[in-house]
Protein chains: 2
Amino acid sequence: MVNKVKFERENVVRVASQLFWEKGFHATSTRDLQEAVNMRPGSIYSAFGSKEGLYSESLKDYTVQMKSQIDGFLSSSDTTLGGLRAFVENVVIKNKDCSPSAICMLVKANNEFADKNSSLYELSLDLAAKFEGYLTVLFEQAIAKNELSDKLTAIEYARFFQIQFTGLRGYFNRPGVELLAQPMINQMFALMKNL
Amino acid sequence: MVNKVKFERENVVRVASQLFWEKGFHATSTRDLQEAVNMRPGSIYSAFGSKEGLYSESLKDYTVQMKSQIDGFLSSSDTTLGGLRAFVENVVIKNKDCSPSAICMLVKANNEFADKNSSLYELSLDLAAKFEGYLTVLFEQAIAKNELSDKLTAIEYARFFQIQFTGLRGYFNRPGVELLAQPMINQMFALMKNL
DNA sequence: TTTTAACTTGAACAGTCGCTCAAAATCAAA
DNA sequence: TTTGATTTTGAGCGACTGTTCAAGTTAAAA
């Protein structure tokens, strides 16, 4: 090795991820990114190949961060459902200010890329499928621990959770409805236990 | 009056609406629009003022169309809930091919405009609030007709409906899950009746 | 038939886009 | 200290962006 890379790849991806999450792919220019990560175009392009390449790595990193955030809530909660609930409450209620958007970046990606043949659309599908798999494992545990009945399968609970969660995040992505969030989350988990 | 406008404003807005709905605001160029509506830039700009102006009129027209589509299903159904169910089934299951996107254009707009001070973001909030009001009237009728219990208020039903509907449209905006749509819609309406 | 205001046209503007690449800077190994 | 592969720099490329406006077209009114 003759010369080391100066920047810290992880930090760059994380900063880019925040910007892409907030503004979306098309509304984020490469000059926005250059300023945010403090790199010149040549360095960015030698490290990530293209704007799409950097977005791709940003979206992958987003899902890794989200999963490890959930794992954190799970390990400081007695029950699987309690951990999931803490995560939902944190996303929908607590960090509305420090988070770039109330909407999941994966959902935003899936909504933005209309061309079903584009590689970024396919990536969003792939990451969403993997996240559903991750959730399914969690719901398998919840069923095994008798936190949920076994009338539904784990993947059915995972689907229900995603639909509720996405719906809630969309609805609370607006001003003036903050007080409704907690009751709606309570309702979501109450419904899930009675499915 | 010395000379009439050559194009039909309604048609132009409808075509532009489809394009904006499919690709989003930022990914749709004025040249895309020129080709789609078969107008030269000068005509578009004298009629709509700007790309934002045309988008604004397109989004308003979208909500008008959506409401009149719901009204259509309502008038060919015995019950209010039946009409709403037919609308949901039509959007989520039937016309996935002919519709530019499974996702509501209002939701897409709300997701795309990150700058909370932009006039298009505010427009999306305003139209969403009006649509919630429209739904609330429908649920008032459903309660009055004893299709739903009066344990919840009409606006609470309206909120529940929007969250479920948005969640479903997001989840079914992907290939391979078509068979799950009908059971999930059944579940949504079963849950609503037991709230 | 002429006039005239309204409408349409499309070349072109200034700015921004994603991206390239020759030159400068860097630093472990020799 | 010199070497030389690697990384960083930033001016700038060609394409595309939203938009303008002078010139051309249209058709009702005079």
Side-chain angles (χ1 to χ4, degrees), chain A residues 1-59 109 112-115 117-121 123, chain B residues 1-59 109 112-115 117-121 123:
Chain A
M1 188 193 318
V2 179
N3 196 5
K4 284 187 181 174
V5 187
K6 302 288 186 316
F7 63 91
E8 301 198 5
R9 194 176 180 93
E10 274 202 356
N11 272 334
V12 168
V13 170
R14 205 144 303 160
V15 170
S17 184
Q18 297 275 310
L19 203 60
F20 276 132
W21 184 6
E22 182 188 348
K23 308 181 61 168
F25 177 79
H26 290 100
T28 305
S29 74
T30 53
R31 279 157 182 91
D32 291 338
L33 291 164
Q34 288 162 34
E35 197 176 351
V37 306
N38 193 30
M39 285 170 71
R40 267 30 72 199
S43 294
I44 295 178
Y45 277 81
S46 87
F48 301 101
S50 66
K51 186 189 174 185
E52 280 205 19
L54 178 53
Y55 184 91
S56 167
E57 218 164 301
S58 298
L59 192 61
E112 180 168 10
F113 302 114
D115 178 7
N117 292 3
S118 89
S119 63
L120 291 182
Y121 175 74
L123 177 66
Chain B
M1 187 193 323
V2 178
N3 196 6
K4 283 187 182 175
V5 189
K6 301 288 187 316
F7 62 91
E8 301 198 6
R9 194 176 179 93
E10 275 202 357
N11 272 335
V12 168
V13 170
R14 205 144 302 160
V15 169
S17 184
Q18 298 275 311
L19 202 58
F20 276 133
W21 183 7
E22 180 188 347
K23 307 182 64 169
F25 178 78
H26 290 100
T28 305
S29 75
T30 52
R31 277 154 182 90
D32 291 338
L33 291 162
Q34 287 162 34
E35 197 176 351
V37 306
N38 192 31
M39 285 169 72
R40 267 32 70 199
S43 294
I44 294 179
Y45 276 78
S46 88
F48 302 100
S50 65
K51 186 188 174 188
E52 280 204 22
L54 178 51
Y55 183 90
S56 167
E57 216 162 306
S58 299
L59 192 61
E112 180 167 11
F113 301 114
D115 178 7
N117 293 0
S118 89
S119 63
L120 291 182
Y121 174 74
L123 177 66

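Quick caveat, the model's predicted, so the values are computed rather than measured.
- Distance, A:R40 CZ to C:dA22 C1': 18 Å, rounded to whole Å.
- A heavy-atom distance below 4.5 Å is not found between the side chains of B:E22 and B:Q18.
- In this entry the distance linking CD of A:E8 with P of D:dT8 reads 12 Å, nearest Å.
- Remark: B:T30 is not in phosphate contact with D:dT17, judged by side-chain N or O atoms under 4.0 Å from OP1 or OP2.
- Set against C:dC19, D:dG10, D:dT19, the side chain of B:K51 has D:dT19 as its closest nucleotide.
- Across C:dC19, C:dG10, C:dC17, the shortest atom-to-atom separation from the side chain of B:P41 is found for C:dG10.
- For A:R31 and A:N38, each mapped to the nucleotide of DNA chain D holding its nearest heavy atom, the one lying further toward the 5' end belongs to A:N38.
- Between A:F25 and A:F20, the two ring planes are parallel [angle under 30°; tilted spans 30° to 60°].
- Within the 4.0 Å cut-off from OP1 or OP2 of D:dT20, not a single side-chain nitrogen or oxygen of B:Y45 is found.
- Checked by atom type and distance alone, the side chain of B:K51 never pairs as donor or acceptor with a backbone atom of B:L33 at under 3.5 Å.
- Axis angle across the helix from C:dT1-D:dA30 to C:dA30-D:dT1, with five pairs used at each end and values rounded to 10°: 20°.
- Between B:S56 and B:L123 the shortest heavy-atom distance is OG-CD2, 3.6 Å.
- Atom CD1 of A:I44 is separated from atom P of C:dC21 by 17 Å (rounded to the nearest Å).
- Rounded to a whole Å, the CG atom of B:L120 is 13 Å from the P atom of D:dG18.
- Annotation: of the two residues near DNA chain C, A:H26 and A:G42, the 5′-most nearest-nucleotide partner is A:H26.
- Annotation: side chain of A:F48 is in contact with side chain of A:V12 (closest heavy-atom distance under 4.5 Å).
- In this structure, CG of A:L33 is placed 8 Å from P of C:dG18, rounded to the nearest angstrom.
- If you measure from atom CZ of A:R9 to atom P of D:dT8, you get 11 Å, rounded to the nearest angstrom.
- Taking the side chain as every heavy atom from C-beta outward, B:I44 and B:T30 never approach each other to under 4.5 Å.
- Comparing A:G49 and A:S29 along DNA chain C, the residue whose closest nucleotide (by nearest heavy atom) sits nearer the 5' end is A:S29.
- Applying the side chain to side chain donor-acceptor pair (under 3.5 Å) test to every pair with at least one member in residues 32-41 of chain B, sequence neighbours left out, gives these pairs: B:K23-B:D32, B:S29-B:D32, B:N38-B:R40.
- Atom CZ of A:F25 and atom C1' of C:dG18 are 9 Å apart (whole Å).
- Atom CE in A:M39 sits roughly 8 Å away from atom P in D:dT9 (whole-Å rounding).
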